[in-house]
Participant: 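First, the structure itself, so that you have it in front of you.
Just so it is clear: chains get the letters A, B, ... in the order the sequence lines come, proteins before strands, and each one is counted from 1.
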2 protein chains.
Amino acid sequence: MGPLDVYLPYLLNRAGARIATAFSEEVRPLGATLQIWRVLAALHDRDRRRMGDLSETTSIEVSTLTRLVDAMEKRGLVVRRRDAADARAVTLEVTAAGRRLTRRLTPIAERYEAVALRGFEARETEALKASLRRLYANMGALTVHRRRPG
Amino acid sequence: MGPLDVYLPYLLNRAGARIATAFSEEVRPLGATLQIWRVLAALHDRDRRRMGDLSETTSIEVSTLTRLVDAMEKRGLVVRRRDAADARAVTLEVTAAGRRLTRRLTPIAERYEAVALRGFEARETEALKASLRRLYANMGALTVHRRRPG
DNA sequence: AAGATTTATCTGTAAATACAAATAATTGTA
DNA sequence: TACAATTATTTGTATTTACAGATAAATCTT
């Protein structure tokens, strides 16, 4: 069988964990976390999104996201609004404070990216990212997202 | 800034999470988890390892590992022994039952690997794994492993 | 060899996370 | 339009995880 580091899930997990830990420590003084960063980045890309949409694009569980957004709202980073078109849904909007924090976090995220990819050619970086997207898509076919057991 | 999926930590995390979830669901009926698999795989590669060593190679926190090993020991998959050479240390040894479970888990892990990498050339797979190892090493230089604050 | 320091593991406890049930609003259908 | 089914989010709660402190043994220093 050989050592553990021939297995892809393990390689992914440990690399991901290291970056996540390092980034988290760095942004803690700003009162931010990796997940707050993800939500802000997603909203920066497209504002006024639904909870469910955000959960999907950030890969944060909806129930986790609810409580995370509670905290972010309390800190004045975002505001929740009932969707005008569909009152079941809630949309999130970043505030000026949220945008300020986003502007502070973005260069940190980019710096970590640079550190993680030190020594990589641009071509290698793109190949890596492309592979990770493919891999995610491959697994998506399998992960049937738990429909009712009919 | 653009969408979230240009960021490496995010790409790593979501790909890793998907594989982990899918694998975990599949091995649950066998009473196993991803972490149990990691410990067994590490011990299969080299048996009678210390807790600290295992923590390092599996990337499972020592305190988490302690309780995980409690459970595994209770299930008869491994036995703890005081290290003869250094009585501070505990070494882990797989039992026959542990080896049986390992033999059942290995093909599942390999199948998941194949699914995740469907459509990848052997060369691409190796490039991906190599990149992930480099990335981990790059971050290792930074992650100072929390020494005392002197 | 006694005392201080370091190393290895374990335990207490708080925070993070996720599944399932509850709530609330919409849409489809008779 | 009323009833059932579906969709979106939130809340309850159990599990997981990790940090910090406790315990115990080895090593280093004088």
Side-chain angles (χ1 to χ4, degrees), chain A residues 13-14 16-18 20-22 24-25 28 31-39 48-74 78-92 143-150, chain B residues 13-14 16-18 20-22 24-25 28 31-39 48-74 78-92 143-150:
Chain A
N13 177 77
R14 73 174 193 177
R18 253 196 193 173
T21 302
S24 298
E25 268 178 35
R28 186 175 317 161
T33 64
L34 184 59
Q35 294 197 324
I36 287 180
W37 158 244
R38 290 228 172 99
V39 171
R48 297 175 186 242
R49 297 213 211 193
R50 296 178 167 206
M51 296 294 284
D53 179 6
L54 274 171
S55 169
E56 180 74 18
T57 65
T58 58
S59 290
I60 300 171
E61 237 280 321
V62 277
S63 69
T64 304
L65 188 63
T66 291
R67 286 175 250 246
L68 177 64
V69 167
D70 288 347
M72 291 179 71
E73 207 174 10
K74 220 169 274 169
V78 293
V79 278
R80 258 187 258 240
R81 296 193 197 290
R82 277 281 153 200
D83 190 328
D86 183 342
R88 289 171 303 182
V90 168
T91 60
L92 240 61
T143 310
V144 196
H145 277 308
R146 211 171 274 93
R147 302 250 164 259
R148 63 214 154 294
Chain B
N13 176 78
R14 73 174 192 177
R18 254 195 193 174
T21 302
S24 298
E25 267 176 35
R28 187 174 316 162
T33 64
L34 183 59
Q35 295 197 325
I36 287 179
W37 156 245
R38 290 229 173 100
V39 171
R48 299 176 184 240
R49 296 213 211 194
R50 299 178 164 204
M51 296 292 285
D53 179 7
L54 274 171
S55 168
E56 180 75 18
T57 65
T58 59
S59 289
I60 299 171
E61 237 279 320
V62 276
S63 69
T64 304
L65 189 62
T66 291
R67 287 174 250 246
L68 176 64
V69 168
D70 288 347
M72 291 178 73
E73 207 174 10
K74 222 169 272 169
V78 293
V79 278
R80 260 188 256 239
R81 294 192 200 291
R82 276 281 151 199
D83 190 326
D86 183 343
R88 290 171 302 182
V90 168
T91 60
L92 241 61
T143 310
V144 195
H145 277 307
R146 212 172 273 93
R147 301 253 163 257
R148 63 213 154 295

Participant: Taking atom types as modelled, find out whether A/Gln35 and A/Thr33 have a side-chain donor-acceptor pair closer than 3.5 angstrom.
Facilitator: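 No pair is found: no donor N or O on one side chain lies under 3.5 Å from an acceptor on the other.
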Participant: Out of curiosity, B/Met51 CE to B/Thr58 OG1, how far, rounded to the nearest 0.5 Å?
Facilitator: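 Answer rounded to 0.5 Å: 9.5 Å.
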Participant: Give every pair of a protein N or O atom and an N or O atom of nucleotides 24-28 of chain D that lie under 3.5 Å apart, one pair per line with the distance.
Facilitator:
residue : atom : partner : partner atom : Å
D/dA26  : OP1  : B/Ala87 : N            : 3.3
D/dA26  : O4'  : B/Arg88 : NE           : 3.4

Participant: Could you tell me how far apart A/Ile60 (CD1) and C/dT17 (P) are, to the nearest whole angstrom?
Facilitator: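 Rounding to the nearest Å, CD1 of A/Ile60 and P of C/dT17 are 8 Å apart.
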Participant: Does D/dT10 have OP1 or OP2 under 4.0 Å away from a side-chain N or O of A/Arg80?
Facilitator: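 Answer yes for this pair, as a side-chain N or O of A/Arg80 is under 4.0 Å from OP1 or OP2.
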Participant: Report the distance from atom CG of B/Asp70 to atom P of C/dG12, rounded to the nearest whole Å.
Facilitator: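 So the CG-P distance, B/Asp70 to C/dG12, works out to 12 Å.
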Participant: Give a yes/no answer on whether the side chain of A/Thr64 brings an N or O atom under 4.0 Å of OP1 or OP2 in C/dT17.
Facilitator: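 For C/dT17, OP1/OP2 do not have a side-chain N/O of A/Thr64 under 4.0 Å.
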Participant: Under 3.5 Å, which donor-acceptor pairs do the side chains of residues 64-72 of chain A form with other protein atoms, sequence neighbours left out?
Facilitator:
residue : atom : partner : partner atom : Å
A/Thr66 : OG1  : A/Val62 : O            : 3.2
A/Asp70 : OD1  : A/Arg80 : NH2          : 2.1

Participant: In whole Å, what is the span from the CE atom of A/Met51 to the P atom of D/dT11?
Facilitator: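 About 10 Å, once rounded to whole Å.
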Participant: In whole Å, I'd like the distance from the CD atom of A/Glu25 to the P atom of D/dC19.
Facilitator: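 Interatomic distance, CD of A/Glu25 to P of D/dC19: 8 Å.
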Participant: Nearest nucleotide by nearest heavy atom, which residue falls closer to the 5' end of DNA chain C, B/Ser63 or A/Ser59?
Facilitator: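 Result: B/Ser63.
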Participant: Please classify the nucleic acid contact of B/Val90 as base, sugar-phosphate, or nothing, using heavy-atom distances under 4.0 Å.
Facilitator: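 Counting heavy atoms under 4.0 Å across all strands, the contact made by B/Val90 is with sugar-phosphate only.
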Participant: I need the CZ-P distance between B/Arg49 and C/dA8, as an integer number of Å.
Facilitator: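 Between P of C/dA8 and CZ of B/Arg49: 15 Å.
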Participant: C/dT11 P sits how many Å from B/Leu68 CG, rounded?
Facilitator: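 Roughly 14 Å, once rounded to whole Å.
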Participant: Roughly how far, to the nearest 0.5 Å, is CZ of A/Arg82 from OG1 of A/Thr91?
Facilitator: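 With rounding to 0.5 Å, OG1 (A/Thr91) is 9.5 Å from CZ (A/Arg82).
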Participant: Roughly how many Å is it from CZ in B/Arg38 to P in D/dT17, rounded to a whole number?
Facilitator: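 Rounded to whole Å, this separation is 10 Å.
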Participant: Just N and O in the side chain of B/Arg50: are any of them under 4.0 Å from OP1 or OP2 of C/dA8?
Facilitator: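 Indeed, a polar side-chain atom of B/Arg50 lies that close.
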Participant: Indicate the atoms forming the closest heavy-atom contact of A/Ala20 with A/Leu34, along with that distance.
Facilitator: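 Residues A/Ala20 and A/Leu34, closest heavy atoms: CB-CD2, 3.7 Å.
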Participant: Give the nucleotide from the list D/dT11, D/dA18, C/dC10 with an atom nearest to the side chain of B/Arg67.
Facilitator: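 Selected nucleotide (nearest to the side chain): D/dA18.
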Participant: In whole Å, I'd like the distance from the CG atom of B/Leu65 to the P atom of C/dT11.
Facilitator: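 Checked: the CG to P distance equals 13 Å.
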Participant: Going from OG1 on B/Thr57 to CZ on A/Arg14, what distance comes out if it is rounded to the nearest 0.5 angstrom?
Facilitator: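 If we round to the nearest 0.5 Å, B/Thr57:OG1 and A/Arg14:CZ are 9.5 Å apart.
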Participant: Could you tell me whether the phosphate oxygens of D/dT17, OP1 or OP2, come under 4.0 Å of any side-chain nitrogen or oxygen in B/Gln35?
Facilitator: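 Looking at the OP1 and OP2 atoms of D/dT17, one of them is under 4.0 Å from a side-chain N or O of B/Gln35.
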